[in-house]
Amino acid sequence: MKGSFKVKAGLAQMLKGGVIMDVVTPEHARIAQEAGACSVMALERVPADIRKEGGVARMSDPALIRSIMEAVTIPVMAKVRIGHFVEAQILESMGIDYIDESEVLTPADEENHIDKHPFKVPFVCGCRDLGEALRRIAEGAAMIRTKGEAGTGNVVEAVRHARAVNAGIRKLQGMNHAELVHEAKQIGAPVDLLAECQRLGRLPVVNFAAGGIATPADAALMMQLGVDGVFVGSGIFKSEDPLKRAKAIVAATTYYDKPDVLAEVSAGLGKAMPGLEIPAIPKEELLAARGW
Amino acid sequence: MRNDAPLVGVLAMQGAFAEHQRALEASGARTRLVKDLEDLEGLDALVLPGGESTTMTMLMERVGLLEPLRDAISRGLPTLATCAGMIVLARDVTGGIEGQRGMGLLDIAVRRNGYGRQIDSFEADLEVAGLGGKTFPGVFIRSPLLESTGSAEVVATHEGRAVAVRQGSILALCFHPELTSDRRLHQELVRMAGVGRS
(Lines give C-alpha, C1' and ligand atoms only; values in the text may rest on other atoms or scores of the structure.)
Protein backbone atom coordinates (compact mmCIF):
# COMPACT_ATOMS: atom_id res chain seq x y z
CA MET A 1 0.00 0.00 0.00
CA LYS A 2 1.46 3.36 -1.06
CA GLY A 3 0.74 6.85 0.24
CA SER A 4 -0.59 5.83 3.68
CA PHE A 5 -0.37 8.39 6.48
CA LYS A 6 2.21 6.14 8.16
CA VAL A 7 4.66 6.40 5.26
CA LYS A 8 3.92 10.11 4.81
CA ALA A 9 4.61 10.91 8.47
CA GLY A 10 7.39 8.28 8.45
CA LEU A 11 9.59 10.21 6.03
CA ALA A 12 9.48 13.19 8.41
CA GLN A 13 10.58 10.83 11.19
CA MET A 14 13.63 9.91 9.09
CA LEU A 15 14.50 13.62 8.78
CA LYS A 16 14.59 14.17 12.54
CA GLY A 17 17.73 15.59 14.05
CA GLY A 18 18.59 17.00 10.64
CA VAL A 19 18.75 20.25 8.69
CA ILE A 20 16.60 21.03 5.64
CA MET A 21 18.20 23.72 3.51
CA ASP A 22 16.69 26.14 0.97
CA VAL A 23 18.48 25.91 -2.37
CA VAL A 24 17.90 27.81 -5.61
CA THR A 25 20.25 25.93 -7.98
CA PRO A 26 21.45 22.32 -8.45
CA GLU A 27 24.90 23.55 -7.38
CA HIS A 28 23.48 24.82 -4.07
CA ALA A 29 21.73 21.49 -3.63
CA ARG A 30 25.00 19.60 -4.05
CA ILE A 31 26.71 21.88 -1.53
CA ALA A 32 23.86 21.32 0.93
CA GLN A 33 24.12 17.56 0.50
CA GLU A 34 27.89 17.63 0.90
CA ALA A 35 27.42 19.62 4.10
CA GLY A 36 25.14 16.93 5.51
CA ALA A 37 21.65 18.35 4.88
CA CYS A 38 19.01 15.63 5.36
CA SER A 39 16.81 17.25 2.69
CA VAL A 40 16.66 20.34 0.50
CA MET A 41 13.86 22.77 -0.32
CA ALA A 42 13.98 23.64 -4.03
CA LEU A 43 12.88 27.18 -4.88
CA GLU A 44 13.57 30.06 -7.24
CA ARG A 45 14.19 32.71 -4.62
CA VAL A 46 15.05 32.36 -0.97
CA PRO A 47 12.63 34.16 1.39
CA ALA A 48 15.03 37.09 1.92
CA ASP A 49 14.84 37.84 -1.82
CA ILE A 50 11.07 37.28 -2.00
CA ARG A 51 10.78 39.82 0.80
CA LYS A 52 13.06 42.30 -0.98
CA GLU A 53 11.57 41.98 -4.45
CA GLY A 54 7.89 41.83 -3.51
CA GLY A 55 5.20 40.88 -6.04
CA VAL A 56 3.29 37.61 -6.13
CA ALA A 57 5.45 34.65 -5.12
CA ARG A 58 4.38 31.33 -6.70
CA MET A 59 5.46 27.71 -7.02
CA SER A 60 8.91 27.51 -8.65
CA ASP A 61 9.53 26.51 -12.27
CA PRO A 62 9.17 22.70 -12.53
CA ALA A 63 12.30 22.62 -14.70
CA LEU A 64 14.33 24.11 -11.85
CA ILE A 65 12.79 21.76 -9.31
CA ARG A 66 13.49 18.77 -11.54
CA SER A 67 17.11 19.79 -12.05
CA ILE A 68 17.53 19.92 -8.26
CA MET A 69 15.81 16.53 -7.83
CA GLU A 70 18.32 15.09 -10.30
CA ALA A 71 21.30 16.70 -8.58
CA VAL A 72 20.97 15.02 -5.17
CA THR A 73 20.06 11.69 -3.55
CA ILE A 74 18.50 13.20 -0.40
CA PRO A 75 14.75 13.99 -0.40
CA VAL A 76 13.67 17.17 -2.19
CA MET A 77 10.85 19.41 -1.01
CA ALA A 78 9.16 22.30 -2.82
CA LYS A 79 6.67 25.01 -1.87
CA VAL A 80 3.15 25.69 -3.05
CA ARG A 81 0.90 28.63 -2.22
CA ILE A 82 -1.57 28.19 0.63
CA GLY A 83 -4.75 26.70 -0.85
CA HIS A 84 -3.26 26.18 -4.32
CA PHE A 85 -4.05 22.49 -4.74
CA VAL A 86 -3.19 22.51 -8.45
CA GLU A 87 0.39 23.56 -7.76
CA ALA A 88 0.42 20.62 -5.34
CA GLN A 89 -0.95 18.24 -7.99
CA ILE A 90 1.84 19.36 -10.32
CA LEU A 91 4.54 18.72 -7.73
CA GLU A 92 3.03 15.34 -6.88
CA SER A 93 3.06 14.34 -10.54
CA MET A 94 6.78 15.16 -10.63
CA GLY A 95 7.44 12.86 -7.70
CA ILE A 96 8.56 15.55 -5.26
CA ASP A 97 9.25 14.02 -1.84
CA TYR A 98 7.51 16.61 0.36
CA ILE A 99 5.27 19.62 -0.34
CA ASP A 100 5.50 22.73 1.84
CA GLU A 101 2.18 24.61 1.81
CA SER A 102 3.95 27.81 2.65
CA GLU A 103 3.13 31.28 3.89
CA VAL A 104 6.39 32.39 2.26
CA LEU A 105 4.52 32.33 -1.07
CA THR A 106 1.49 34.53 -1.73
CA PRO A 107 -1.69 32.73 -0.58
CA ALA A 108 -4.03 31.57 -3.37
CA ASP A 109 -7.03 31.09 -1.09
CA GLU A 110 -7.84 33.24 1.91
CA GLU A 111 -10.21 30.74 3.54
CA ASN A 112 -9.14 27.22 2.71
CA HIS A 113 -5.89 25.39 3.03
CA ILE A 114 -5.33 22.41 0.72
CA ASP A 115 -7.17 19.20 1.60
CA LYS A 116 -4.00 17.18 1.98
CA HIS A 117 -5.52 13.75 2.67
CA PRO A 118 -6.08 12.69 -0.96
CA PHE A 119 -2.43 13.28 -1.89
CA LYS A 120 0.05 10.40 -1.84
CA VAL A 121 2.89 12.87 -1.31
CA PRO A 122 3.21 14.24 2.23
CA PHE A 123 2.81 17.89 3.23
CA VAL A 124 4.56 20.06 5.79
CA CYS A 125 2.77 23.19 7.04
CA GLY A 126 3.71 26.14 9.24
CA CYS A 127 2.16 27.07 12.57
CA ARG A 128 2.36 29.74 15.26
CA ASP A 129 0.68 27.82 18.06
CA LEU A 130 -0.92 24.48 18.94
CA GLY A 131 -4.32 25.28 17.45
CA GLU A 132 -2.83 26.16 14.08
CA ALA A 133 -0.61 23.04 14.13
CA LEU A 134 -3.58 20.77 14.84
CA ARG A 135 -5.76 22.43 12.17
CA ARG A 136 -3.08 21.63 9.62
CA ILE A 137 -2.76 18.05 10.87
CA ALA A 138 -6.54 17.69 10.65
CA GLU A 139 -6.27 18.75 7.00
CA GLY A 140 -3.71 15.99 6.45
CA ALA A 141 -0.31 17.59 7.11
CA ALA A 142 2.21 14.84 7.97
CA MET A 143 4.80 17.23 9.37
CA ILE A 144 4.67 20.61 11.10
CA ARG A 145 7.14 23.46 11.33
CA THR A 146 7.07 26.76 13.13
CA LYS A 147 6.45 29.69 10.81
CA GLY A 148 8.99 31.98 12.39
CA GLU A 149 9.46 35.04 10.21
CA ALA A 150 11.16 33.80 7.05
CA GLY A 151 13.90 35.77 5.34
CA THR A 152 14.76 37.92 8.34
CA GLY A 153 17.72 36.04 9.84
CA ASN A 154 15.98 36.80 13.14
CA VAL A 155 15.09 33.77 15.24
CA VAL A 156 12.74 35.58 17.64
CA GLU A 157 9.49 34.57 15.93
CA ALA A 158 10.49 30.91 15.60
CA VAL A 159 11.22 30.91 19.34
CA ARG A 160 7.84 32.49 20.04
CA HIS A 161 6.04 29.87 17.94
CA ALA A 162 7.93 26.87 19.34
CA ARG A 163 7.25 28.06 22.90
CA ALA A 164 3.58 28.63 22.07
CA VAL A 165 3.23 25.04 20.79
CA ASN A 166 5.00 23.70 23.89
CA ALA A 167 2.82 25.79 26.21
CA GLY A 168 -0.30 24.65 24.38
CA ILE A 169 0.62 21.00 24.92
CA ARG A 170 1.65 21.51 28.55
CA LYS A 171 -1.70 23.11 29.24
CA LEU A 172 -3.49 19.89 28.24
CA GLN A 173 -1.86 17.81 30.95
CA GLY A 174 -4.35 16.85 33.61
CA MET A 175 -7.43 18.07 31.71
CA ASN A 176 -10.48 15.82 31.76
CA HIS A 177 -12.56 15.26 28.63
CA ALA A 178 -14.98 18.15 29.27
CA GLU A 179 -12.04 20.50 29.67
CA LEU A 180 -10.43 19.16 26.49
CA VAL A 181 -13.65 19.87 24.59
CA HIS A 182 -13.65 23.44 25.86
CA GLU A 183 -9.96 23.88 25.03
CA ALA A 184 -10.59 22.49 21.54
CA LYS A 185 -13.20 25.20 20.99
CA GLN A 186 -10.90 27.88 22.36
CA ILE A 187 -7.98 27.04 20.08
CA GLY A 188 -10.09 25.96 17.09
CA ALA A 189 -8.77 22.44 16.75
CA PRO A 190 -10.38 18.96 16.74
CA VAL A 191 -10.76 17.45 20.20
CA ASP A 192 -9.45 14.02 19.16
CA LEU A 193 -6.14 15.59 18.14
CA LEU A 194 -5.96 17.43 21.46
CA ALA A 195 -6.55 14.14 23.23
CA GLU A 196 -3.74 12.57 21.22
CA CYS A 197 -1.36 15.41 22.13
CA GLN A 198 -2.34 14.99 25.76
CA ARG A 199 -1.61 11.27 25.65
CA LEU A 200 1.72 11.66 23.81
CA GLY A 201 2.86 14.86 25.53
CA ARG A 202 3.89 16.14 22.09
CA LEU A 203 2.49 16.73 18.60
CA PRO A 204 1.40 13.53 16.83
CA VAL A 205 3.71 14.35 13.90
CA VAL A 206 7.29 15.57 13.59
CA ASN A 207 7.78 19.27 14.35
CA PHE A 208 10.69 21.28 12.90
CA ALA A 209 11.71 24.89 13.50
CA ALA A 210 11.75 27.31 10.59
CA GLY A 211 11.92 31.02 9.92
CA GLY A 212 14.92 33.16 10.81
CA ILE A 213 17.52 30.54 11.76
CA ALA A 214 20.92 31.92 10.72
CA THR A 215 23.61 30.53 13.03
CA PRO A 216 24.62 27.19 14.62
CA ALA A 217 23.55 28.65 17.97
CA ASP A 218 20.10 29.47 16.54
CA ALA A 219 19.70 25.85 15.41
CA ALA A 220 20.81 24.52 18.81
CA LEU A 221 18.49 26.95 20.59
CA MET A 222 15.51 25.60 18.67
CA MET A 223 16.58 21.99 19.34
CA GLN A 224 16.85 22.70 23.05
CA LEU A 225 13.34 24.14 22.91
CA GLY A 226 12.27 20.67 21.84
CA VAL A 227 11.82 20.76 18.06
CA ASP A 228 12.81 17.68 16.04
CA GLY A 229 15.03 19.43 13.48
CA VAL A 230 15.47 22.72 11.61
CA PHE A 231 14.83 24.36 8.27
CA VAL A 232 17.37 26.96 7.23
CA GLY A 233 16.15 29.20 4.45
CA SER A 234 18.08 32.30 3.54
CA GLY A 235 20.55 31.77 6.40
CA ILE A 236 23.01 29.60 4.49
CA PHE A 237 23.29 30.85 0.94
CA LYS A 238 22.96 34.51 1.97
CA SER A 239 25.99 34.12 4.24
CA GLU A 240 29.65 34.68 3.39
CA ASP A 241 30.78 31.03 3.37
CA PRO A 242 27.75 28.78 2.70
CA LEU A 243 29.49 25.36 2.82
CA LYS A 244 31.25 26.09 6.08
CA ARG A 245 28.13 27.55 7.68
CA ALA A 246 25.96 24.69 6.42
CA LYS A 247 28.33 22.09 7.93
CA ALA A 248 28.40 24.01 11.19
CA ILE A 249 24.60 24.17 11.41
CA VAL A 250 24.36 20.42 10.69
CA ALA A 251 26.83 19.65 13.49
CA ALA A 252 25.05 22.08 15.85
CA THR A 253 21.72 20.35 15.23
CA THR A 254 23.19 16.99 16.28
CA TYR A 255 25.31 18.32 19.18
CA TYR A 256 22.77 20.94 20.27
CA ASP A 257 23.31 20.16 23.95
CA LYS A 258 27.13 20.33 23.85
CA PRO A 259 28.26 23.96 24.19
CA ASP A 260 31.92 23.04 23.62
CA VAL A 261 31.08 21.59 20.20
CA LEU A 262 28.88 24.60 19.45
CA ALA A 263 31.77 26.93 20.31
CA GLU A 264 34.08 25.02 18.00
CA VAL A 265 31.73 24.92 15.00
CA SER A 266 30.62 28.54 15.44
CA ALA A 267 34.18 29.88 15.17
CA GLY A 268 35.36 31.67 12.02
CA LEU A 269 32.23 31.23 9.92
CA GLY A 270 32.46 34.66 8.30
CA LYS A 271 29.49 37.01 8.07
CA ALA A 272 26.00 35.68 8.75
CA MET A 273 23.16 36.96 6.58
CA PRO A 274 22.17 40.53 7.46
CA GLY A 275 19.22 40.39 9.85
CA LEU A 276 15.98 42.33 10.13
CA GLU A 277 14.27 43.61 13.27
CA ILE A 278 10.66 42.39 13.26
CA PRO A 279 9.13 45.77 14.35
CA ALA A 280 10.89 47.39 11.37
CA ILE A 281 8.80 45.29 8.97
CA PRO A 282 5.48 46.82 7.90
CA LYS A 283 2.63 44.71 9.32
CA GLU A 284 1.26 43.80 5.89
CA GLU A 285 4.65 42.35 4.95
CA LEU A 286 4.78 39.88 7.86
CA LEU A 287 4.69 36.41 6.32
CA ALA A 288 3.69 34.53 9.48
CA ALA A 289 0.31 36.29 9.45
CA ARG A 290 -0.61 34.42 6.26
CA GLY A 291 -2.64 31.26 6.92
CA TRP A 292 -4.92 30.84 9.88
CA MET B 1 14.40 -0.52 34.07
CA ARG B 2 16.45 -3.19 35.84
CA ASN B 3 20.11 -2.38 36.17
CA ASP B 4 21.09 -5.73 34.73
CA ALA B 5 18.99 -5.24 31.58
CA PRO B 6 21.12 -5.18 28.40
CA LEU B 7 22.39 -1.73 27.44
CA VAL B 8 21.68 -0.90 23.80
CA GLY B 9 23.31 2.08 22.12
CA VAL B 10 21.36 3.94 19.42
CA LEU B 11 23.46 5.93 16.97
CA ALA B 12 22.06 9.47 17.26
CA MET B 13 23.69 11.47 14.48
CA GLN B 14 20.42 12.06 12.64
CA GLY B 15 17.23 10.12 11.92
CA ALA B 16 14.62 8.09 13.81
CA PHE B 17 16.75 7.31 16.86
CA ALA B 18 14.14 8.34 19.46
CA GLU B 19 11.65 5.88 17.95
CA HIS B 20 14.20 3.06 18.31
CA GLN B 21 14.91 4.13 21.87
CA ARG B 22 11.23 3.90 22.78
CA ALA B 23 10.86 0.49 21.08
CA LEU B 24 13.94 -0.89 22.86
CA GLU B 25 12.84 0.32 26.27
CA ALA B 26 9.44 -1.28 25.66
CA SER B 27 11.39 -4.48 24.85
CA GLY B 28 13.21 -4.58 28.18
CA ALA B 29 16.50 -2.88 27.35
CA ARG B 30 18.29 0.10 28.81
CA THR B 31 19.32 2.56 26.08
CA ARG B 32 21.98 5.17 25.44
CA LEU B 33 22.15 7.62 22.55
CA VAL B 34 25.54 7.35 20.84
CA LYS B 35 27.00 10.69 19.76
CA ASP B 36 30.59 10.47 20.98
CA LEU B 37 33.39 7.96 21.33
CA GLU B 38 32.83 7.42 25.05
CA ASP B 39 29.19 6.49 24.38
CA LEU B 40 30.42 3.19 22.88
CA GLU B 41 31.83 2.08 26.22
CA GLY B 42 30.08 -0.93 27.76
CA LEU B 43 27.35 -1.45 25.15
CA ASP B 44 25.72 -4.89 24.78
CA ALA B 45 24.16 -4.08 21.40
CA LEU B 46 23.78 -1.29 18.89
CA VAL B 47 21.12 0.18 16.60
CA LEU B 48 21.96 2.05 13.41
CA PRO B 49 18.69 3.86 12.68
CA GLY B 50 17.04 5.12 9.53
CA GLY B 51 17.69 8.65 8.35
CA GLU B 52 19.94 9.98 5.63
CA SER B 53 23.05 7.83 5.23
CA THR B 54 25.06 10.72 3.74
CA THR B 55 24.28 12.92 6.76
CA MET B 56 25.08 10.19 9.28
CA THR B 57 28.33 9.15 7.62
CA MET B 58 29.51 12.73 7.31
CA LEU B 59 28.87 13.44 10.98
CA MET B 60 30.50 10.17 12.10
CA GLU B 61 33.62 10.94 10.07
CA ARG B 62 33.71 14.45 11.41
CA VAL B 63 33.73 13.39 15.07
CA GLY B 64 35.90 10.31 14.53
CA LEU B 65 33.17 7.82 15.34
CA LEU B 66 33.20 5.88 12.08
CA GLU B 67 36.29 3.71 12.70
CA PRO B 68 35.61 2.91 16.38
CA LEU B 69 32.05 1.96 15.47
CA ARG B 70 33.28 -0.26 12.65
CA ASP B 71 35.71 -1.94 15.06
CA ALA B 72 33.01 -2.57 17.67
CA ILE B 73 30.62 -4.08 15.13
CA SER B 74 33.30 -6.20 13.47
CA ARG B 75 34.25 -7.58 16.90
CA GLY B 76 30.71 -8.98 17.13
CA LEU B 77 28.61 -6.33 18.90
CA PRO B 78 25.01 -7.39 18.13
CA THR B 79 23.65 -4.77 15.72
CA LEU B 80 20.24 -3.94 14.31
CA ALA B 81 20.48 -1.74 11.21
CA THR B 82 17.42 -0.23 9.54
CA CYS B 83 17.30 1.41 6.12
CA ALA B 84 20.09 4.03 6.16
CA GLY B 85 21.78 1.93 8.84
CA MET B 86 21.90 -0.97 6.40
CA ILE B 87 23.50 1.28 3.78
CA VAL B 88 26.13 2.38 6.31
CA LEU B 89 27.16 -1.27 6.86
CA ALA B 90 27.07 -2.41 3.22
CA ARG B 91 29.90 -3.76 1.10
CA ASP B 92 28.68 -1.96 -2.06
CA VAL B 93 26.49 1.13 -2.35
CA THR B 94 25.12 2.36 -5.66
CA GLY B 95 22.89 5.34 -6.39
CA GLY B 96 24.63 7.28 -3.65
CA ILE B 97 26.67 10.41 -3.84
CA GLU B 98 30.08 10.27 -5.42
CA GLY B 99 32.52 8.41 -3.23
CA GLN B 100 29.86 7.17 -0.82
CA ARG B 101 30.96 3.85 0.64
CA GLY B 102 29.62 1.55 3.28
CA MET B 103 31.68 0.18 6.17
CA GLY B 104 31.95 -3.11 4.28
CA LEU B 105 30.84 -5.19 7.26
CA LEU B 106 27.79 -6.66 5.60
CA ASP B 107 28.22 -8.69 2.41
CA ILE B 108 25.43 -6.97 0.50
CA ALA B 109 25.08 -4.60 -2.43
CA VAL B 110 22.41 -1.95 -2.00
CA ARG B 111 20.97 0.67 -4.30
CA ARG B 112 19.97 3.81 -2.41
CA ASN B 113 16.31 4.75 -2.87
CA GLY B 114 16.09 1.65 -5.05
CA TYR B 115 12.31 1.46 -4.67
CA GLY B 116 11.93 5.03 -5.94
CA ARG B 117 11.14 8.37 -4.38
CA GLN B 118 8.79 9.07 -1.45
CA ILE B 119 5.69 8.59 -3.62
CA ASP B 120 6.71 4.92 -3.94
CA SER B 121 7.14 4.42 -0.18
CA PHE B 122 4.82 1.62 0.93
CA GLU B 123 3.57 -0.73 3.61
CA ALA B 124 3.52 -4.51 3.16
CA ASP B 125 3.11 -7.48 5.49
CA LEU B 126 6.20 -9.69 5.59
CA GLU B 127 7.05 -13.23 6.58
CA VAL B 128 10.19 -12.95 8.68
CA ALA B 129 12.09 -16.21 9.24
CA GLY B 130 12.41 -17.16 12.88
CA LEU B 131 9.70 -14.82 14.18
CA GLY B 132 6.92 -17.35 13.81
CA GLY B 133 3.28 -16.50 14.27
CA LYS B 134 1.80 -13.63 12.37
CA THR B 135 3.36 -11.54 9.62
CA PHE B 136 5.45 -8.48 10.41
CA PRO B 137 4.21 -5.01 9.32
CA GLY B 138 6.86 -3.71 6.91
CA VAL B 139 7.06 0.07 6.55
CA PHE B 140 9.33 1.00 3.63
CA ILE B 141 10.36 4.66 3.30
CA ARG B 142 12.51 5.61 0.31
CA SER B 143 13.95 2.21 1.00
CA PRO B 144 17.26 0.89 -0.27
CA LEU B 145 17.00 -2.04 -2.67
CA LEU B 146 19.07 -5.13 -1.90
CA GLU B 147 20.70 -6.01 -5.22
CA SER B 148 22.80 -8.88 -3.90
CA THR B 149 23.08 -10.54 -0.53
CA GLY B 150 26.38 -12.43 -0.90
CA SER B 151 27.05 -14.61 2.11
CA ALA B 152 24.34 -12.95 4.23
CA GLU B 153 21.31 -15.05 5.13
CA VAL B 154 18.02 -13.69 3.75
CA VAL B 155 15.38 -13.66 6.50
CA ALA B 156 12.56 -11.84 4.70
CA THR B 157 11.58 -11.10 1.13
CA HIS B 158 9.02 -8.88 -0.58
CA GLU B 159 7.90 -9.69 -4.11
CA GLY B 160 10.91 -11.91 -4.56
CA ARG B 161 13.46 -9.36 -3.32
CA ALA B 162 15.38 -9.74 -0.07
CA VAL B 163 14.35 -7.05 2.45
CA ALA B 164 16.01 -8.39 5.61
CA VAL B 165 19.33 -10.17 6.09
CA ARG B 166 21.36 -11.61 8.93
CA GLN B 167 25.11 -12.07 8.96
CA GLY B 168 26.89 -13.03 12.14
CA SER B 169 25.69 -10.65 14.85
CA ILE B 170 24.18 -8.17 12.38
CA LEU B 171 20.48 -8.00 11.54
CA ALA B 172 19.77 -5.51 8.74
CA LEU B 173 16.36 -4.41 7.46
CA CYS B 174 15.10 -2.33 4.53
CA PHE B 175 12.01 -1.46 6.58
CA HIS B 176 11.25 0.32 9.87
CA PRO B 177 10.04 -1.79 12.83
CA GLU B 178 10.49 1.32 15.05
CA LEU B 179 7.55 2.96 13.23
CA THR B 180 5.20 0.13 14.20
CA SER B 181 3.95 -1.25 17.51
CA ASP B 182 5.32 -4.73 16.71
CA ARG B 183 8.30 -5.20 19.03
CA ARG B 184 9.46 -8.66 17.92
CA LEU B 185 12.56 -7.51 16.03
CA HIS B 186 13.66 -5.21 18.84
CA GLN B 187 13.08 -8.07 21.28
CA GLU B 188 15.30 -10.23 19.07
CA LEU B 189 18.12 -7.65 19.34
CA VAL B 190 17.68 -7.51 23.12
CA ARG B 191 17.89 -11.32 23.18
CA MET B 192 21.09 -11.22 21.07
CA ALA B 193 22.49 -8.60 23.48
CA GLY B 194 21.78 -10.89 26.44
CA VAL B 195 23.47 -13.86 24.74
CA GLY B 196 26.56 -11.80 24.05
CA ARG B 197 26.89 -10.95 27.74
CA SER B 198 26.54 -14.39 29.25
### Leading residue by heavy atom contact count with chain A [cutoff under 4.5 Å; candidates B:E52, B:M13, B:E178]
B:E52
### Query
Relative to chain B, which segment of A:A9 carries a heavy atom at a distance below 4.5 Å: side chain, backbone, both, or neither?
neither
### Query
Are B:E19 and A:K16 close enough for a salt bridge, meaning some N to O gap below 4.0 Å?
yes
### Task
Name the option with the most non-hydrogen atom pairs under 4.5 Å to chain B; the candidates are A:G36, A:A12, A:G18, A:S4.
A:G36
### Task
Sort out for me which of A:T254, A:D97, A:V72, A:L15 touches chain B most, counting heavy-atom pairs under 4.5 Å.
A:D97
### Message
Tell me the closest heavy-atom pair linking A:A214 and A:I249, and the distance in Å.
### Response
O-CD1, 4.1 Å
### Task
Anything under 30° is parallel, anything over 60° is perpendicular, the rest tilted; go ahead and classify B:F122 against B:F140.
parallel
### Message
Is B:R117 close to chain A through its backbone or its side chain, or both, or neither, when contacts mean heavy atoms under 4.5 Å?
### Response
both
### Query
Does the B:T157 side chain pair with the main chain of B:G160, one donor and one acceptor, at a distance under 3.5 Å?
no
#### Entry: Residues A:E101, A:K116: salt bridge by 4.0 Å N-O rule
yes
### Message
If we count only N and O atoms by modelled type, under 3.5 Å, do the side chains of B:D71 and B:S74 hold a donor and an acceptor together?
### Response
no
### Task
Flag the one option from B:L59, B:T54, B:T57 with the top tally of heavy-atom pairs under 4.5 Å to chain A.
B:L59
### Query
Which bit of B:S121 comes within less than 4.5 Å of chain A, counting heavy atoms only: side chain, backbone, both or neither?
both
### Pair A:D100 + A:R145: basic N to acidic O under 4.0 Å
yes
### Task
May I ask you to name which of B:D120, B:N113, B:T180 has the most heavy-atom pairs under 4.5 Å with chain A?
B:D120
### Task
Select one option (side chain, backbone, both, neither) describing which atoms of B:I141 are under 4.5 Å from chain A's heavy atoms.
side chain
### Query
Under a 4.5 Å heavy-atom cutoff, which of B:E123, B:H176, B:M58 has the most pairs with chain A?
B:E123
### Query
Which atoms of A:E34 come close to chain B, meaning under 4.5 Å heavy atom to heavy atom: side chain ones, backbone ones, both, or neither?
backbone
### Query
Are side-chain heavy atoms of A:V155 and A:L221 found at a separation under 4.5 Å?
yes
### Message
Which atoms of A:V19 are under 4.5 Å from chain B, going by heavy atoms: the side chain, the backbone, both sets, or neither?
### Response
neither
## Note on the structure
Honestly, the part of A:K247 sitting under 4.5 Å from a heavy atom of chain B is both
### Query
For B:A18, is it the side chain, the backbone, both or neither that has a heavy atom under 4.5 Å from a heavy atom of chain A?
side chain
### Query
In terms of side-chain heavy atoms, does B:Q21 have a donor or acceptor partner in B:T31 at a distance below 3.5 Å?
yes
